[in-house]
Number of protein chains: 2
Amino acid sequence: MAGSYKLKDLSRMLNMSPSTVSKALNDYPTISQMTRDRVKELARRVNYTPDPTAISFKRKKSFTLGVVIPNLLDHFYTIAVSGIEESAMANGYKAIVSQHYEDVGREVEIAEMMARNRVDGLIVSISRETTDILHFRQLEAEGIPVVYFVRRPGEDDVFHVTSNVYKGTADAVDFLHARGHRRIGHILGPASLQATRDRQQGYADALRTHGIPLDDNILVHSNLSEESTVIAVEQLASLDTPPTAIIAFKDQLALDAMLHLKRNRRGDPPIEFVGFGNLPLLKYLDNPPLATLEEQCASIGSRAAEMLMARISDPDMRTGNRSVSFDCRILVLK
Amino acid sequence: MAGSYKLKDLSRMLNMSPSTVSKALNDYPTISQMTRDRVKELARRVNYTPDPTAISFKRKKSFTLGVVIPNLLDHFYTIAVSGIEESAMANGYKAIVSQHYEDVGREVEIAEMMARNRVDGLIVSISRETTDILHFRQLEAEGIPVVYFVRRPGEDDVFHVTSNVYKGTADAVDFLHARGHRRIGHILGPASLQATRDRQQGYADALRTHGIPLDDNILVHSNLSEESTVIAVEQLASLDTPPTAIIAFKDQLALDAMLHLKRNRRGDPPIEFVGFGNLPLLKYLDNPPLATLEEQCASIGSRAAEMLMARISDPDMRTGNRSVSFDCRILVLK
DNA sequence: TTGTAGGCGTTATCAT
DNA sequence: ATGATAACGCCTACAA
């Protein structure tokens with residue numbers, strides 16, 4: 001079987017000490033080229049595979065990245081996770097993924113589980129309920145670096161990789177303005193998320209640029225659940241002068257809102273939607289949102305993994321930015 | 001930090017030998033109840049966490065299940081993977097997931113990667129290109145059990161957990177027949193998949209029951225890609241007497257087919273579709289398929305994980321069935 | 001009922 | 001340039 005040959009077996013077959021063989025396989029410069037070649041040749045021939053459990057044990061490293069996300073059903077995260085896994089794999093790491101389903105309690109449990117499993121680091125998208133990140137700070141204190149992605153906590157001393165949703169939202173406003181919309185509503189996400197605050201700022205700044213006064217009546221929140229979104233959009237639609245267009249925190253939210261309007265407000269004047277994410281399913285819709293802000297999910301994932309692996313290799317990393325963001329691109333769907 | 005206390009530390013604090021502490025923590029019956037309690041109490045107090053890398057090393061077990069699937073973008077697999085992870089976690093296992101993207105080459109590489117990583121077992125959905133499973137047989141020969149799920153190879157000596165698509169397809173035919181359809185087309189998946197053959201059999205048997213002769217002209221294959229599906233549905237739609245309803249290998253395929261017809265054959269007589277999977281996105285469609293066969297993805301995943309863990313614990317398991325299937329349920333969407 | 005001792009496969013330090 | 005040796009943390013015969 002694959003893993004049957006041990007370092008000791010190779011050393012016996014080559015009349016060398018195990019330590020020499022080990023060093024040869026790991027390209028220690030103190031080992032002569034000839035010895036290295038002989039060792040590697042034999043290793044290849046007998047298909048030697050080092051035992052990763054022994055290496056993890058000895059080196060005190062699991063070569064595992066923990067990934068914590070809201071929900072794999074969200075294609076955004078699915079794609080990001082694929083990006084993470086690819087980067088991880090390319091660097092000899094594996095990933096174990098866990099979903100908190102927007103429940104802080106689960107998030108805390110997952111953090112503990114990851115620590116018990118001795119992951120070398122963590123990539124996290126916090127839940128909508130998360131208000132403090134003590135459970136992750138705790139891991140950092142134990143030497144397990146944490147990189148936040150997509151959804152980061154408000155604290156500004158954390159490492160994170162996100163979409164530039166500030167600019168994305170501003171672009172959405174510009175786009176809608178150019179299409180003639182002057183009354184642009186906004187369904188934000190949970191107030192606890194920095195991504196919500198960023199969108200709000202981009203929205204406010206862009207409106208100001210166009211000389212449109214802010215109107216709090218058309219700025220509402222959803223906690224991302226369908227029910228919450230329905231309440232939010234209903235609040236907008238039932239105004240005396242409802243918005244003619246709505247920017248939604250993400251595509252899924254736009255779809256839930258549009259579905260509600262279609263079912264319950266057939267006669268109303270139409271409202272255009274702009275979401276975030278460019279979900280793959282959009283192409284199958286007869287009536288998609290007007291536009292969506294395509295995000296670079298895979299790049300965000302792989303960049304987060306790279307940032308994390310860099311921190312693992314160099315725990316007191318001072319080089320490189322703690323904060324990376326990827327631009328969104330507006331995509332007109334109809 | 002969490003993992004700082006070692007067995008030896010506990011033993012020193014308790015004036016016992018490390019082996020006694022180890023046995024106490026693992027509930028060896030030869031250790032007195034009092035000792036066990038004292039040990040566990042201290043362990044709890046100082047938050048002792050055994051080092052899993054040491055345990056894996058010593059016990060020659062990684063407590064890791066490898067999961068190999070086509071693509072996480074398919075909600076079917078996403079949900080199944082969630083089921084796997086839940087079962088695994090509940091039993092002290094973790095899961096590492098890898099996608100082959102329908103590429104046998106990648107599938108073979110993944111198999112090797114999993115073996116190198118010393119997973120304790122594998123849960124696999126083979127690619128559409130996979131014609132032999134030597135690479136997985138090889139792992140079995142090395143003592144790594146494999147359980148196939150959803151898509152299993154044709155060989156009948158393998159462990160597997162699937163949907164009962166034979167019955168599901170027959171139900172679809174019955175349903176369409178009851179709705180008055182007499183010319184029912186079928187877009188199958190790749191011929192290499194057992195799931196394709198099962199559907200074909202269910203289709204044939206049900207048609208016979210209703211006294212409808214088989215017509216090879218309305219029985220076509222898709223390799224699951226959009227292009228292939230377009231060719232398949234075009235073949236059906238361009239017949240002199242096209243089918244009035246089509247059973248599709250899965251929802252995604254039905255959607256691709258419907259999209260093609262909508263775009264390129266607006267004037268044609270309508271064709272109803274029945275797919276498999278009950279994708280969550282279906283609710284957002286203005287024109288969904290007529291019906292879908294809901295599958296028990298999560299149960300399939302967790303059952304596969306349980307079957308695998310049972311095999312890991314008892315390598316020459318003779319009890320229990322090698323083959324489990326879960327019924328589909330037909331769901332009318334409009 | 002508890003303790004002693006050896007070993008899992010690899011790496012790393014120190015000696016040769 | 002290579003080798004001997006100890007050590008990582010835990011488990012488990014075997015001895016006491």
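Here is how names work: the chains are called A, B, and so on, in the same order as the sequence lines, proteins then strands, and each is numbered from 1. All values reported here derive from a predicted model rather than from experimental measurement.
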Donor-acceptor pair under 3.5 Å, [X] side chain vs [N] base:
| X | N | answer |
| --- | --- | --- |
| A/Lys6 | C/dT11 | no |
| A/Lys58 | C/dT11 | yes |
| B/Lys60 | C/dG9 | no |

Return no unless some side-chain N or O of [X] is found under 4.0 Å from OP1 or OP2 of [N].
| X | N | value |
| --- | --- | --- |
| B/Ser22 | D/dC11 | yes |
| B/Ser19 | D/dT12 | no |
| B/Tyr48 | D/dG9 | no |
| B/Thr53 | D/dG9 | no |
| B/Thr35 | C/dT1 | no |
| A/Tyr28 | C/dT13 | no |
| B/Ser17 | C/dG3 | yes |

Out of [options], which has the shortest distance to the side chain of [X]?
| X | options | result |
| --- | --- | --- |
| A/Thr20 | C/dA12, D/dG3, D/dC14 | D/dG3 |
| A/Phe57 | D/dT2, C/dT10, D/dG9 | D/dG9 |
| B/Ile31 | D/dA1, C/dT2, D/dG3 | C/dT2 |
| B/Asp51 | C/dT13, C/dT2, D/dC10 | D/dC10 |

- Task: For the pair A/Glu85 and A/Val97, evaluate side-chain contact (heavy atoms from CB on, under 4.5 Å) and give the outcome as yes or no after the intermediate values.
- Result: CA-CA 10 Å; A/Glu85 280 176 339; A/Val97 179; 4.2 Å; yes

Which whole-number value in Å describes the distance from [X] [atom1] to [N] [atom2]?
| X | N | atom1 | atom2 | result |
| --- | --- | --- | --- | --- |
| A/Arg59 | D/dA7 | CZ | P | 20 Å |
| A/Lys23 | C/dA15 | NZ | P | 13 Å |
| B/Arg38 | C/dT1 | CZ | P | 15 Å |
| A/Leu7 | D/dA7 | CG | P | 20 Å |
| A/Ile55 | D/dA7 | CD1 | C1' | 16 Å |
| B/Leu14 | C/dT1 | CG | P | 18 Å |
| B/Asp27 | D/dC11 | CG | C1' | 15 Å |
| A/Met34 | D/dA1 | CE | C1' | 11 Å |

- Query: Which residue, B/Met16 or A/Pro18, contacts DNA chain C at a nucleotide closer to its 5' end, judged by nearest heavy atom?
  - Reply: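 Closer to the 5' end of DNA chain C: B/Met16.
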
- Query: Of A/Ala54 and A/Gln33, whose closest DNA chain D nucleotide lies nearer the 5' terminus?
  - Reply: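 Going by which nucleotide is closer to the 5' end, it is A/Gln33.
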
- Task: Give A/Asn15 one of three labels, base, sugar-phosphate or nothing, depending on what nucleic acid heavy atoms sit under 4.0 Å from its own.
- Result: sugar-phosphate

- Message: For a salt bridge (charged side-chain N to carboxylate O under 4.0 Å, His left out) check, start with the C-alpha distance between B/Arg137 and B/Asp157, then their side-chain angles and the critical distance, and finish with the verdict.
- Response: CA-CA 11 Å; B/Arg137 294 258 184 224; B/Asp157 61 333; 3.0 Å; yes

- Item | Trace of the side-chain contact (heavy atoms from CB on, under 4.5 Å) decision for A/Phe149 with A/Arg303 | CA-CA 9 Å; A/Phe149 83 125; A/Arg303 189 71 183 71; over 6 Å; no

- Task: Ignoring hydrogens and angles, state whether a donor on the side chain of A/Asn321 or A/Ser323 is under 3.5 Å from an acceptor on the partner side chain.
- Result: no

- Query: Do the numbers put B/Arg311 on top of the ring of B/Phe159, so that NZ or CZ is under 6.0 Å from the six-membered ring centre and no more than 45° off the axis?
  - Reply: yes

- When you look at A/Asp74 and A/Ile69, which way does the side-chain contact (heavy atoms from CB on, under 4.5 Å) test go after all the steps? CA-CA 10 Å; A/Asp74 185 337; A/Ile69 56 170; over 6 Å; no

